[in-house]
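See structure below.
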Amino acid sequence: MPDATFEIATRLAASAERVWAAALTEEGINHELGPWLRMTMPRAIEPGMTIEDAPLGEKLGRSWILLAGVLPVDFDDLRLVERGPGMRFLERSRLGSARAWKHEREVVAMGPGECEIIDRLEIELRAPLRAIGGAAVARRLIRALFTHRHRRLVQRWGGVSASG
């Protein structure tokens, strides 16, 4: 049972294809996280690869989450389990802080030059964090992190509306 869930959707003033292509790259991910966080890519993700190229169901390796681009604050043992239908992926991983992390992202075309990007998240904390009341903190952090990511998407592509 997840300790925290969150969903956010934002309407962007860019084509679904452009938003999807950028969201799958290291540069795109780090633009969304920046300037506060940066995420390294596992060794299995070679330069120029995107999520579209990643093998499904296999652990891709460890990705470090770095505060201010240098201080490790958590890690993500990335595992991509689904791609599609359409412009969608589902990641199920383990974090240093969580037994289970589920991130589903979908980009839906809404008309010429407009799309909606939707992130759905679930986190199941490791027992020590749960025991000290970490679920409330996890809910606030996920909300803050993905609200920030969607603000960065609006800065990059222009926004029509957001909900979350």
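Shown here for W157 and R18, the closest heavy-atom pair between the two residues is CZ3-NH2, 3.2 Å. Between L80 and L90, the shortest heavy-atom contact is CD1-O, 3.5 Å. The two residues A4 and R139 come nearest to each other via the heavy atoms CB-CG, 3.3 Å. Listed here is the closest heavy atom pair of L37 and L67: CD2-CA, 3.8 Å. Between R105 and W20, the closest heavy-atom pair is O-CZ3, 4.3 Å.
Considering only residues two or more places apart in sequence or on other chains, H103 meets the ring-ring contact (aromatic ring centres under 6.0 Å, His included) condition with F89, F146. Checked against side chain to side chain donor-acceptor pair (under 3.5 Å), E114 has the following partners two or more places apart in sequence or in another chain: R11. Not a single side chain to side chain donor-acceptor pair (under 3.5 Å) links W101 to another residue, sequence neighbours left out. Remark: E46 engages no residue in a side chain to side chain donor-acceptor pair (under 3.5 Å) (not counting sequence neighbours).
A side-chain donor-acceptor contact under 3.5 Å links T25 to the backbone of A22. For the pair N30 (side chain) and E26 (backbone), a donor-acceptor distance under 3.5 Å is present. Checked by atom type and distance alone, the side chain of S63 pairs as donor or acceptor with a backbone atom of T40 at under 3.5 Å. Panel note: side chain H148, backbone G34; a donor-acceptor pair is recorded below 3.5 Å.
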Would you list the atom pairs, donor with acceptor, under 3.5 Å between side chains in residues 123-137 and any protein atom, with sequence neighbours excluded?
{"unit_1": "E124", "atom_1": "OE2", "unit_2": "R99", "atom_2": "NE", "d": "2.8"}
{"unit_1": "E124", "atom_1": "OE2", "unit_2": "R99", "atom_2": "NH2", "d": "3.1"}
{"unit_1": "R126", "atom_1": "NE", "unit_2": "L95", "atom_2": "O", "d": "3.2"}
{"unit_1": "R126", "atom_1": "NE", "unit_2": "G96", "atom_2": "O", "d": "3.0"}
{"unit_1": "R126", "atom_1": "NH2", "unit_2": "L95", "atom_2": "O", "d": "2.9"}
{"unit_1": "R130", "atom_1": "NE", "unit_2": "D3", "atom_2": "OD1", "d": "3.0"}
{"unit_1": "R130", "atom_1": "NE", "unit_2": "D3", "atom_2": "OD2", "d": "3.3"}
{"unit_1": "R130", "atom_1": "NH2", "unit_2": "D3", "atom_2": "OD2", "d": "3.1"}
{"unit_1": "R130", "atom_1": "NH2", "unit_2": "L125", "atom_2": "O", "d": "3.2"}

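Applying the side-chain hydrogen bond (donor to acceptor under 3.5 Å, both in side chains) definition to pairs two or more places apart or across chains, those involving residues 67-81 are R62-D77, D74-S97, D76-S93.
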Dump the intermediate steps for salt bridge (charged side-chain N to carboxylate O under 4.0 Å, His left out) on E27 and R156, then the final yes or no. CA-CA 12 Å; E27 185 275 329; R156 182 175 198 168; 3.2 Å; yes
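Ion pairing between a basic and an acidic side chain is recognised when a charged N comes within 4.0 Å of a carboxylate O; R152 and E32 show no such pairing. Checked for salt-bridge contact, R83 and E106 miss the test: no charged N lies under 4.0 Å from a carboxylate O. Between E104 and R120 there is a salt bridge, with a side-chain nitrogen of the basic residue lying less than 4.0 Å from a carboxylate oxygen of the acidic one.
Note that the SG atom of C115 and the CE atom of M87 stand 8.0 Å from one another [nearest 0.5 Å].
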